[in-house]
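What follows is a short report on a single structure.
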Amino acid sequence: MKLQLTETKSWKALEAQHNAEKQTTIKDFFAQNTDRATELSINNLGIYFDFSKQRVSNQTVALLLELANECGLREKIDAMFRGDKINITENRSVLHTALRKPKNATLLIDGVDVVKQVHEVLEKMSGFANEIRSGAWKGFTGKPIKNIVNIGIGGSDLGPVMAYEALKFYAKHDLTFRYVSNVDGNDFAEAVRGMAPDETLFVVSSKTFTTLETMTNARTARTWLLQSLSDEKAVARHFVAVSTNEKEVAKFGIDTANMFGFWDWVGGRYSMDSAIGLSTMIAVGVANFYALLEGFNQMDEHFRTAPFNQNIPVIMGLLTVWNSNFVGAKTQAILPYENYLKRFPAYLQQLTMESNGKYVTLEGEKVTYSTSPIYWGEPGTNGQHSFYQLIHQGTDIIPCDFIGFKKPLNNLPPHQDYLIANMIAQGEALAFGKSAQAVAAEGVKAELIPHKVFEGNRPSSTFFLDTLTPQNLGKLIAMYEHSTYVQGVIWGINPFDQMGVELGKVLAQGIIAEMQTPNVQLQHDSSTNALIQFYQK
Ligand code: G6Q
C-alpha cells in the first residue's frame, strides 16, 4: 500500500522543520542571511521570481525539494509530457503541452502524431482569423464582420476572456469582442445590445457541445440572428464552432467546414491555447497568437528540464504546499500590478481550484491534509483601497503573488513608477511590518499604537517581467498550470477531472423538468420544495 503523504520521511522532516522555525520571522531570516534575496529567487525566461519574502529558510526549501522527490515528481512530470493516461478517473492523457509544441516536433499517442494534428488546426484557425480580420469573410448580407461574440462557459470562456483582456493592447481595435457565458439571459442581451446581426459572428466554443448554458445561449443567438436575417442559410456565415463533437455541431446547424477541432486530451481549463483560443487569435492576429504559444512552450521546456531547485513552477507549487499544510494559509491572493491582467485571478481560480479542490486521493482514499487553497484577487492598486486591510492586519495569513512588469504598454509618466513602487512597497510592508516602537517614535498616542502596528511576517512572492507581451502571457499561464500540477502530485490527487461540478448540474436538470410539468409532486426536502414553489407562484 502506498505510504500516506503525511507518513513520508520528508513530510515528517518538514513538520519538525516547521516546529523548529515557526518562531523565526521573515525579518529574522533576512537578518540571518544577507544573500537571501539572491539565494531565494530565480531569474530565468525573463521572469524574476523572488520568493525570499516567503516564510521559508533555505533548509525548508531543501526539505520541500526532498518531498517533491519522495512523491516522484520527476516521473510524474515525464509521464504528463509523454502522454501517459495520468487522468486516471477519465482514462485520458493530459497533453495541453502538446498544443504549443513547434511544428517540427512530433508526439505519437496511440500511433497518431498529435503535434501534426495541432498544427493542422492552427493553420485552419489562422486562415479563418485572417479572413475575419481582413474583411474577406462576408456576412450573409455581404458586409464584413465587425463583432465577434464567443459563447462558452468555464474552460471555454475564462481563458478567452482573460486572454482578450490581457492582450487588448495588441487587439484589432476596429473589431468588437464580447464573451457570453452565463445562462442568465441578461448576459446575452447585454452582449449583443446595439450590435448589427449581419455584422456579427458567433464563435460557439464547447468541447462537448452539450453544455446547458452554451447551447441555450447559442440557440438564443441563432434566434436573434434569424429574427433579423430571416434565412436559415445565414447561420453558416455567422456561426462557427470550436468543439470535439462534430456530430452535435452538425446537429446544431453549423457547417462542420467551419468547425475547429480539439481533442479529449485537452482539459477545459487547460484549453485556451487550443482552438478555444480562436477569438483570441482573431483579436490579436496570427503572429501574436503564435508568440503566445511560444511563451507557453518555453515555460513547458523549463518545467520539464530545469533542476527542481531552479524550476519556477516546481518551487511555486511547493511553496503553496508549505503555506497550505504547514503555515496554515487557507487562501492565496493573486495581485497583478498590471491592469490588463484584471481577469487573470478569475482565470486562475478555475485552473487551480477546479484542479486541486479535491478530498480524495488517486487511490480513492480521503486525504488527511488540506488541498487547494482558495485563489482570489484583483489588480493592484485597486485592492490596496479595499481588502488589503485584511491581508496586513487580519487574523489569517494570506500568501500573495505580486505580478508586475517593468515597461508599461501605454507610457504615461508617472503612472508606471507609482504602480510599481506600490507593488514593491506592499511586499515590503507585509514581510517586515511596523513595530510598536516605530509607531510610538512617530508620536502616536499610546491608545492608538496597537491599531497602527503591522506585525509583518506575511508571506509573498513577486514575479517581475519586462513587459506584457503575448509571449510573456503564455509563460505566466503555463507557470501557474505547472505549479497546479506540482501541488496535485504532492497531494496525491487527480488535478485533471472535475467530478465535483456534476451533482448540481444533474439536480438542476431534474428541477427544470419539474418546473415544466404542471401539478408535479415535488419530492425534495422541504426547503428545496419551498424554493421551487416560491419561484413558480
Ligand atoms: C474545465 C471544465 C469546465 C468546462 C465547461 C465547458 O476544465 O471541464 O469548466 O470547460 O463545463 O464545457 P464545454 O466546453 O464542454 O462546453
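Whatever order the structure lists them in is the order used to number ligands and atoms, beginning at 1.
Both tests do not hold together for Lys207 against Phe262: distance to the six-membered ring centre under 6.0 Å, angle to the ring axis within 45°. Stacking of Arg222 on the aromatic ring of Phe252 is recorded, both the 6.0 Å distance cut-off and the 45° axial limit being met.
Salt bridge status for Lys330 with Asp396: absent, with no side-chain N to carboxylate O gap under 4.0 Å. Here Arg304 does not pair with Asp78 in a salt bridge; the nearest charged N to carboxylate O distance is not below 4.0 Å. Remark: Glu165 does not engage Arg343 in a salt bridge, criterion side-chain N to carboxylate O under 4.0 Å.
With a 6.0 Å radius and a threshold of 12 heavy atoms from other residues, nucleotides or ligands, Lys138 has its NZ atom above the threshold.
The contact shell of ligand 1, taken as protein residues with any non-hydrogen atom closer than 4.0 angstrom, comprises Ile153, Gly154, Gly155, Ser156, Ser206, Lys207, Thr208, Thr211, Gly268, Arg269, Gln350, Glu354, Gln498.
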